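If you're wondering where the values come from, they're calculated on a predicted model, not measured in any experiment.
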2 protein chains.
Amino acid sequence: MLTERQKSILRMIVDDYVRSAEPVGSRTLSKHVELGYSAATIRNEMADLEALGYLEQPHTSAGRIPSQAGYRYYVDHLVSQDVALRAKDIEEIKQLFATRVSAFEQAAQQVAHVLSSLTQYTGVVLGAKVYDTTLKSLQLVPLSGQSAVVLVINSAGQVQNKTVTIPDGVPMHDVMQLTEMINRALCGTPMYRIRSRVYEELMREVARHMEDYEEASRLLDQILQVTEEPQEPNVFLGQATNMLLQPEFQNIHKAKSVLSWLEKRDEVLVSLATNALHGDLRVRIGAENEVESLQDCTLITTSLHIGQIPIGVVGVVGPTRMEYGRVIALLRTLSSGLSDVYGRIYSGHSSG
Amino acid sequence: MLTERQKSILRMIVDDYVRSAEPVGSRTLSKHVELGYSAATIRNEMADLEALGYLEQPHTSAGRIPSQAGYRYYVDHLVSQDVALRAKDIEEIKQLFATRVSAFEQAAQQVAHVLSSLTQYTGVVLGAKVYDTTLKSLQLVPLSGQSAVVLVINSAGQVQNKTVTIPDGVPMHDVMQLTEMINRALCGTPMYRIRSRVYEELMREVARHMEDYEEASRLLDQILQVTEEPQEPNVFLGQATNMLLQPEFQNIHKAKSVLSWLEKRDEVLVSLATNALHGDLRVRIGAENEVESLQDCTLITTSLHIGQIPIGVVGVVGPTRMEYGRVIALLRTLSSGLSDVYGRIYSGHSSG
DNA sequence: GTTAGCACTCTCACTCATTGAGTGCTAACA
DNA sequence: TGTTAGCACTCAATGAGTGAGAGTGCTAAC
């Protein structure tokens with residue numbers, strides 16, 4: 001348990017270091033008006049904080065910098081719970097949500113972008129699969145030759161499509177009958193249950209009506225694949241290269257490591273997706289990220305939701321030396337704004 | 001006009017410099033067996049080549065490096081027209097096209113990826129709008145409440161969709177009638193002509209049949225917007241951060257400049273799209289790129305086509321010190337491979 | 001418990017000499 | 001006349017040495 005004085009010294013060191021990226025010395029701190037102690041006193045406290053593992057010294061004659069444990073303590077106990085956002089931040093966020101967007105993708109991309117430009121870190125948005133959607137409609141539009149487009153629309157209005165080949169032995173009216181049967185029997189079925197319900201309920205009928213059962217079921221399989229195709233990952237990145245402006249990424253190898261990781265959308269996806277398991281807002285500092293490339297980074301994520309249902313994640317990736325308070329405030333604001341947009345677009349425009 | 005000896009010296013300097021990224025000295029060159037001259041002779045020729053603007057000296061006591069004009073001369077006159085690809089390259093390309101893909105997007109992404117990993121530059125693929133597509137089918141699927149999904153399928157099997165709001169004054173049977181009218185009248189119409197043909201031919205009929213003309217035309221407008229929405233840019237990037245391994249991008253500012261540019265997909269799109277105007281294969285060296293961020297880069301592009309119709313672009317972005325011969329060979333191979341895939345997927349599977 | 005003072009440590013920036021790669025020029029050679 | 005050997009010269013890179021400055025830890029005094 002830290003004393004109040006230790007806490008305020010730790011807080012000041014973190015704040016100062018986050019701003020300047022330079023180790024903070026005792027003299028610098030003693031100049032702060034709020035702290036009415038001499039450099040020597042502060043030095044003693046700093047030595048204690050270092051012994052406790054909250055501070056580190058790059059070398060003997062340098063000031064102190066926060067350790068990862070120090071950041072962790074700061075985030076858990078010291079960060080002011082509601083940082084007032086800067087006027088500029090508020091202005092940009094207002095403008096962002098003022099522009100009418102017609103698709104969640106647009107809004108998500110813009111949010112990622114704004115996060116990056118306001119913070120100089122990288123904003124990320126994961127528009128996860130909308131949970132619990134059901135089949136709204138399945139359509140098949142013939143193209144020239146043997147090919148056709150299969151369209152699957154779910155109850156959230158999302159569309160999946162794929163070009164399929166109609167096997168030789170299946171006449172057009174069988175194709176049409178097949179899609180009709182599916183629509184009639186399976187409308188309203190949860191997407192993940194479609195295949196099993198087809199096997200349970202539809203196969204016998206297919207066998208009875210189709211001219212060439214084997215070919216027809218081959219077509220049916222292609223159609224079912226469309227319903228099972230995972231929604232595209234929907235990972236949106238802000239301007240990742242902004243981070244190259246941060247002093248910690250002047251080292252090209254560190255920079256490459258993080259930027260390469262961000263390039264692999266599916267890995268980013270996994271890291272973001274685990275947010276859902278950890279409640280509202282999650283801060284992962286340095287080694288708390290399992291990912292090798294993020295050992296010197298902090299990843300802060302918060303979830304998007306409509307009512308109680310989680311539907312996505314908004315986050316920020318940056319160096320461990322991060323403006324925690326401000327980023328958290330930004331994330332809270334933006335995630336609730338984006339949740340609203342999502343709700344408006346996918347819930348029948350009920351609120352506007 | 002250069003003498004044969006000057007040409008071979010220039011070629012050797014380019015080849016050597018591309019490999020080593022170090023200025024090439026006269027002694028190094030004189031060691032080459034093919035060139036039976038002493039260092040002094042080569043020095044004289046190098047001085048001449050520098051006077052002609054094909055070589056540069058970083059400083060007095062360094063070797064020579066090719067100038068942008070030097071690279072230009074190399075590309076125009078010296079690059080061997082058909083470099084034999086390495087066994088490893090061929091292997092990877094074969095594997096790439098052996099894996100069956102069901103969508104052009106997948107194949108394009110993979111090609112960009114392979115280009116990046118084989119070259120350590122950045123591969124880019126632009127899947128441009130399929131030209132001259134016509135309307136195949138327009139459908140409207142009602143969701144809950146007032147919203148519905150509009151689906152537009154074109155003759156190439158591409159699908160565009162968007163959620164629209166059905167205005168209060170339009171009853172469902174009017175909605176259905178509207179889509180029916182469009183399908184009946186406009187099937188086969190080139191996409192870019194749909195709006196004008198609606199105005200020319202359909203408006204009167206709409207006015208006659210709809211209960212609330214004003215609201216109906218508002219809905220119609222939303223629907224037409226879907227047909228006009230530009231196909232999403234379809235710019236695919238390989239691993240851009242690979243380039244951070246190149247010596248010229250150890251300078252973080254140069255690196256940021258190029259990577260930031262690559263992040264702006266719409267700018268990349270423009271640069272690639274202009275390839276179509278310049279024939280088969282285009283090499284833009286350094287200042288030949290209008291783009292500020294690419295002043296030290298080379299952009300090589302080649303077009304994808306089905307028969308004579310251009311349908312996209314494949315390219316590579318890298319430093320001016322580029323393996324021109326190999327990259328050109330790779331691009332030719334990959335673009336023709338990708339054209340085939342495109343053809344297979346969007347032309348009714350005629351070839352398999 | 002707090003502070004002033006002092007010796008000590010370490011990085012950073014600067015200078016300077018050395019090294020080595022490479023050039024240009026000149027004179028000799030075929 | 002074209003080619004080559006030799007030599008003086010230039011310049012970047014390297015590494016050692018130095019002083020300044022920032023910061024610490026410790027001790028003794030308040």
A correct dot-bracket answer for DNA chain D, with pairs being Watson-Crick or G-U at under 3.5 Å, [ ] for crossing pairs and | for inter-strand pairs, is ||||||||||||||||||||||||||||||
Could you check A:R64 against A:E50 for salt bridge (Lys or Arg N to Asp or Glu O under 4.0 Å), going step by step and ending with a plain yes or no? CA-CA 8 Å; A:R64 304 300 211 292; A:E50 184 170 353; 2.7 Å; yes
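Every residue two or more places apart in sequence or in another chain that forms a side-chain hydrogen bond (donor to acceptor under 3.5 Å, both in side chains) with A:D89 is listed here: A:R326. Partners of B:E248 under the salt bridge (charged side-chain N to carboxylate O under 4.0 Å, His left out) rule, at least two apart in sequence or in another chain, are B:R321. Under the rule for a salt bridge (charged side-chain N to carboxylate O under 4.0 Å, His left out), the partners of A:K7 that lie at least two apart in sequence or sit in another chain are A:E4. Under the side-chain hydrogen bond (donor to acceptor under 3.5 Å, both in side chains) criterion, A:R19 pairs with A:D16, not counting sequence neighbours. Listed by chain and number, the residues in a salt bridge (charged side-chain N to carboxylate O under 4.0 Å, His left out) with B:D280 are B:R332 (sequence neighbours excluded). B:E288 meets the salt bridge (charged side-chain N to carboxylate O under 4.0 Å, His left out) test with B:R72; sequence neighbours excluded.
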Side-chain donor-acceptor pairs under 3.5 Å in residues 254-262 of chain A, sequence neighbours left out?
{"unit_1": "A:K256", "atom_1": "NZ", "unit_2": "A:S260", "atom_2": "OG", "d": "3.3"}
{"unit_1": "A:S260", "atom_1": "OG", "unit_2": "A:K256", "atom_2": "O", "d": "2.7"}
{"unit_1": "A:S260", "atom_1": "OG", "unit_2": "B:T241", "atom_2": "OG1", "d": "3.0"}
{"unit_1": "A:W261", "atom_1": "NE1", "unit_2": "A:E267", "atom_2": "OE1", "d": "3.3"}

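Checking side-chain atoms of A:Q68 against main-chain N and O of A:Q295 turns up a donor-acceptor pair under 3.5 Å. Judged by distance alone, the side chain of B:T3 and the main-chain N or O of B:Q6 form a donor-acceptor pair under 3.5 Å.
Sorted by first and then second residue, the ring pair (Phe, Tyr, Trp, His ring centres under 6.0 Å) pairs involving residues 313-335 of chain A (not counting sequence neighbours) are A:Y71-A:Y324.
If you check residues 18-32 of chain A against DNA chain C, you find no residue with a heavy atom closer than 4.0 Å.
Cation-pi geometry between B:R11 and B:Y74 is not met at under 6.0 angstrom from the ring centre and within 45 degrees of the axis.
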Please tabulate, one pair per line, each protein N/O and nucleotide N/O from nucleotides 7-14 of chain C that are separated by under 3.5 Å, including the distance.
{"unit_1": "C:dC10", "atom_1": "OP1", "unit_2": "A:T60", "atom_2": "OG1", "d": "3.4"}
{"unit_1": "C:dC10", "atom_1": "O4'", "unit_2": "A:S61", "atom_2": "OG", "d": "3.4"}
{"unit_1": "C:dC10", "atom_1": "O2", "unit_2": "A:S61", "atom_2": "OG", "d": "2.7"}

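Residue B:S38 places at least one side-chain N or O under 4.0 Å from the OP1 or OP2 atom of D:dT4.
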A correct 5'-to-3' footprint of nucleotides 25-30 of chain D, with B, S and - meaning base, sugar-phosphate only and no protein heavy atom under 4.0 Å, is B-----
